[in-house]
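What follows is a single structure, written as C-alpha cells, with notes after it.
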Number of protein chains: 2
Amino acid sequence: MNEVSEFVEHAALYFGGLGLSRTGGRIMGLLLTVDENGVDAPELCSALAVAKSSVSVELRRLEDGGLIERFRLPGHRRDRFRLADDVFGNAFRAQMSKFHAFTDLAERGLGVVGDDPVKRRRLERMRDMYAFMAERFPALLDEWEQGA
Amino acid sequence: MNEVSEFVEHAALYFGGLGLSRTGGRIMGLLLTVDENGVDAPELCSALAVAKSSVSVELRRLEDGGLIERFRLPGHRRDRFRLADDVFGNAFRAQMSKFHAFTDLAERGLGVVGDDPVKRRRLERMRDMYAFMAERFPALLDEWEQGA
DNA sequence: CATTGTGTTCGGTTTGTGCCGAACAAACTG
DNA sequence: CAGTTTGTTCGGCACAAACCGAACACAATG
C-alpha cells in the first residue's frame, strides 16, 4: 500500500503542472489507482492525511472542472468519487479553450497596435496559428477515440 | 497609449495561465505590441510601473525559457528585448514534453496497480493516448509551419 | 583611473493561496 | 422530532512567491 502512496505523490507533482493544487493532484493520483467503484471522502482523508474540509473543496473543484464524477450507490448516503469517463479527453478540450483564448488575445492586440505591417504580421500569425490548432485538434481527438 | 496598457493587462492574465508571473505576463504582452527593435529595461519599468530589479529577474526567466531574445544594437551598451522568433512554436513543444510526462506517469501507475484488468485498462488507455498525441503533434506543427 | 551607465543580487515586506479545525447546514434515521 | 451522519463554509494560520529599494559588480568611457 505504500507503493501507491508513493505513486500518488508523484502524480500530485504532474497534475500540479496542470494548475491543480497539491491535494487536488493527490486525489487525482489516488483515483487513477481505483476501479469504477471509486472512493469516498473519509477514505481520501485517511489515505492522503488531509483534513476533510480540504478534500471537500478540492473535490468540488475537480468536479466543476469535469475531472471527476460524484455519484452515490443506491441505498447509501455517502458520496463516492471516481475519475470522469473521459478525463483526458476533457483535459485536451480544456487546452483547446486556451487556444481560443489566445486567438482572442491576438485579435485584441490587432485592435490596439497601429498600422505598422511588421507589428501586425506577428499578431496575425499568432492568431492564425492558434486558430489552426483549435481547428485541427478535434479531428486528432476523434481519430484517437475511434481509431484505437 | 492607455489602450495598449489595457491590452497588456489582459495579456498578463492569459500568460499567467501558462505559469508566468504577473509581470512576466505583462512583459510578454508589451513585447507583442512592438516591432523587431524591441524595448529596453527602463522602458519596461516605466511602461509597466515595475521596479527594475523585478524586470531584471523576470527578463532573465523569460530568456531562459526561450520566450524572449536579449540583444544589443551595435554601438549601444544597453540590452534590448524582443519576442523569440518562434515563441508559440516553443510553447507547443513545451506542451509536448508534458505529454511525455504523462505517459511516464501512466507507466508508473501500471507498475503499482495490481492485476485487476479494469484498473489497468484506464492507465493503459491514458498512456496510449498521450503517446498518440506526442507522436502526432510534431506533424501538426510541421504542417502549420510550412503550410502557411 | 575616476566616473558614469547598466545589469544583477540581496534583505525585507507584502500578497496570495493552501490547508486546517471548528462551526454550521442539510438530509436521513429511528 | 431528537439525534446522527454527511458535506460545506468560515476564520485563521503558515508557507511560498512576487515585488521593491538599495547595495553591489562590472564594463565602458573620457
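The figures here come from the full heavy-atom set of this structure, side chains too, leaving out hydrogens, waters and symmetry mates. Quick note on labels: first sequence line is chain A, next is B, and so on, each numbered from 1.
Under a hydrophobic-cluster definition in which Ile, Leu, Val, Met, Phe, Trp and Tyr are linked whenever side-chain heavy atoms come within less than 4.5 Å, directly or via other members, A:L48 and A:L13 are assigned to the same cluster. Cluster annotation: B:F99 is connected to A:L18 through the hydrophobic network of ILVMFWY side chains, with a link wherever side-chain heavy atoms come within less than 4.5 Å.
Here B:R60 reaches the OP1 or OP2 of C:dT8: one of its side-chain N or O atoms lies under 4.0 Å away. Here B:S56 reaches the OP1 or OP2 of C:dT8: one of its side-chain N or O atoms lies under 4.0 Å away. For C:dT8, the OP1/OP2 oxygens have a side-chain nitrogen or oxygen of B:R70 closer than 4.0 Å.
In this structure, B:L44 atom CG and C:dT8 atom C1' are separated by 16 Å, rounded to whole Å. D:dT6 atom P lies 15 Å from atom CZ of A:F71, rounded to whole Å. What separates CZ of A:F81 from P of D:dT8 is a distance of 7 Å, to the nearest Å. With rounding to whole Å, B:R78 atom CZ is found 13 Å from C:dT8 atom P. One atom, CG of B:L59, and another, C1' of C:dG7, lie 10 Å apart when rounded to the nearest Å. Going from atom CD of B:E43 over to atom C1' of C:dT6 covers 14 Å, rounded to whole Å. Between the CD atom of B:E63 and the P atom of C:dG7 there is a distance of 12 Å, rounded to whole Å.
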Given protein heavy atoms under 4.0 Å, the one-letter contact record of nucleotides 14-30 of chain D, with B base, S sugar-phosphate only and - none, is simply ----SSBBB----BS--

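Checked by atom type and distance alone, the side chain of B:K119 never pairs as donor or acceptor with a backbone atom of B:V113 at under 3.5 Å.
With a 6.0 Å radius and a threshold of 12 heavy atoms from other residues, nucleotides or ligands, A:R127 has its CZ atom above the threshold.
Proximity of the aromatic rings of B:Y130 and A:F92 is defined here by a centroid distance below 6.0 angstrom, and this criterion is met.
B:F132 pairs by the ring-ring contact (aromatic ring centres under 6.0 Å, His included) definition with A:W144, not counting sequence neighbours.
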